[in-house]
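Note that ligands are numbered from 1 as they come in the structure, with each ligand's atoms numbered from 1 the same way.
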Amino acid sequence: MCGIVGYIGHREAWPIVIKGLKRLEYRGYDSAGIALISDEGLKIYKKAGKVTELENFAAGKNLSGTAGIGHTRWATHGAPSDRNSHPHTSNNGKLTIIHNGIIENYATLKEELKTRGHEFKSDTDTEVLVHLIEEIYKNEKIDLLEAVRLALREINGAYAIVLMDEEHPDQLIAARKGSPMVIGVGDGEYFIASDATPIVEYTKNVIYMNDNEIAFIKRDELLIKRLDNVVQTPYVQELELKLEMLEKGGYEHFMLKEIFEQSRSIRDCMRGRIYPNEGKVQLGGIKEYADKLKNIDRIIIVACGTSWHAGLVGEYLIEEYARIPVEVEYASEFRYRNPIITEKDIVIAISQSGETADTMAAIEMAKERGATIFGVCNVVGASIPRLTHAGVYTHAGPEIGVASTKAFTAQVTVLTLMAFYMAQQKGTLTNSKLVELLTELDCIPDKIQVALESNDLIKEIAGKFKDSRNCLFLGRGSGFPVALEGALKLKEISYIHAEGYPAAEMKHGPIALIDEEMPVVVIATKNSSYEKVISNIQEVKARKGIVLAIVTEGDTEVRKMVDYCIEIPDASEAFLPLLATIPLQLLSYHIAVLRGCNVDQPRNLAKSVTVE
Ligand code: HGA
């Protein structure tokens, strides 16, 4: 959350920074702002709302300068408004800062700074930091880098910051702890951003900054040191990201493009990892732990939001095939309990961005208690993959729509592979059964392509549901996490209140909500709970609910009872979540579009939740 961009070099900074902010808008869109330094001094433009509003506001103004910093905000401290927009300036107006994170002890520092004559112009925690830096700089008679270093040692919380000084227009200072930051290395120029997407079209050479590092950046000089003053040798990596991955490619929204990419993304996720003819799974990222997997007592999965739903599918698959007990925890709750974790446990942390603050904190806690940690992340080089002992990337490619789609199915694919890999190590599945399952898994991308063909039908059904105020999603077994995910997607992007429930639990409460206006989406595919789900559909119909069923192709029984039906290809129960999720993603998408909602940037939400 919150996107930051910085540039210093020989080109005009404004176009680079504004384009970068558009790429990072998935991280927040409450306000946007840019500061530029030129011979005429420091200029700041900031505006509540999206980046385009900043662009309109600044049109025709003087936007020159070859050094600049920019920010797109997801507000934590202070309402979304012009005055709370970043960049924020120090008391004398010479220093200006952008920040992603939360300064937890800002209130105490603010009081103290006020007594020293500082006047604050915003309600943010961020502004306190730039005043603190100025105070130390002024009093200690040290250089600015040292003043920033000392200030950062006084604050609690998380940050990725970039600072400019009107009196030293040829330098930027950046630092990170707990929030992401990448530096792009060009020829006589440097780029700074929350992720590599604003950088990729200018250079492929990047440095991922580590926590507690501070960077001093000039056009032809880069110095990175730790907060304890030890100078670091930066590790320059080559980006694999391609520019076309960041474009809509002819689709109306990123979300639709990403839904339609799933056949490919799942194939990419499995590439080189499954050998169906041999009944073998290879996961290079966790192979060092192959022996440990034979004797573990328990797996704990920690995640948030959609990733937590993927975790529930993982629980079902790992228990079913590898016979290892699994617990699935919300990272945000897990870390504030006193959970029992031992060295015999494996913790699997799932996060699309690899930056989710709560998941990172849960990992730190589990690590301290001796557990082995595996990561399941999409963004290569993010913080979680660097924090964990081992892991498996989902390789879904950049996901830009705020509501997760292809990242979810890729997470489920990785967890499916992990379940089979663990079963292989423990010998809980015979080789012939593994051959059978992997052969079927290998065909799932083609079946997803078939499931996507219902798009027009789903759009038509969406028209019937678009004015609903509530919606219930029901499923059993591995269909239950699918119901939860279907409900979350609808809530997130269409603002219709929706609940996911285990179908059998409906009679313990939610059934009271059912009347002739209540749409109920039921996962009713042919699997072990088919008959039971049919009874649940009867219970809804007896109370005049409107039922949309997701059924196996060729089904006639459910079709007779319900109002609307969407077919998906036949598959074993293990693969049901991968297929049944597709129509639910499309349903939410079309309902949201018909309601005129901003599908890619739903209100109040942001991707990559880097605050706790
Ligand atoms: N705390 C700062 C930055 C917000 C942020 O990083 N959100 O993810 C603010 O409220 O402006």
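If you run side-chain contact (heavy atoms from CB on, under 4.5 Å) between T197 and each of R23, K19, K22, only R23 comes through.
Under the 4.0 Å criterion applied to side-chain N and carboxylate O atoms, R116 and E135 are assigned as salt-bridge partners. Between E213 and R149 there is no salt bridge, since none of the side-chain N atoms of the basic residue sits less than 4.0 Å from a carboxylate O of the acidic one. In summary, D30 and R73 do not engage in a salt bridge, as defined by a charged side-chain N under 4.0 Å from a carboxylate O.
Using a 4.0 Å cut-off to heavy atoms of H99, the atoms of ligand 1 that qualify are 3 (C). Those atoms of ligand 1 that come under 4.0 Å of a heavy atom in H77, given as number and element, are 10 (O). Close approach of ligand 1 to D125 (heavy-atom distance below 4.0 Å) involves ligand atoms 1 (N), 2 (C), 9 (C), 10 (O). Taking every non-hydrogen atom of N100 and a distance limit under 4.0 Å, the qualifying atoms of ligand 1 come out as 5 (C), 6 (O), 8 (O). Heavy-atom contacts of T126 reach the following atoms of ligand 1: 2 (C) (cutoff under 4.0 Å).
The six-membered or imidazole ring of H309 lies away from that of F408, with a centre-to-centre distance of 6.0 Å or more. In this structure, H253 has its ring center closer than 6.0 angstrom to the ring center of Y589.
Regarding atom 6 (O) of ligand 1, its nearest protein heavy-atom neighbour is G101 N, 2.6 Å. If you check which protein heavy atom lies closest to atom 4 (C) of ligand 1, you get C2 SG, 3.2 Å. Taking atom 8 (O) of ligand 1 as the reference point, the nearest protein heavy-atom neighbour is M1 CB, 2.8 Å. Among protein heavy atoms, atom 7 (N) of ligand 1 sits closest to W74 O, 2.9 Å.
Note that K110 lies in the cation-pi zone of F120, set by a 6.0 Å cut-off to the ring centre and a 45° limit from the axis.
At a 4.0 Å heavy-atom cut-off, ligand 1 touches R73 through the side chain alone. Using a 4.0 Å cut-off between heavy atoms, T76 contacts ligand 1 through both its backbone and its side chain.
R603 places none of its side-chain heavy atoms less than 4.5 Å from the side chain of N598.
Distances from ligand 1 to the non-hydrogen atoms of H86 include at least one value under 4.0 Å.
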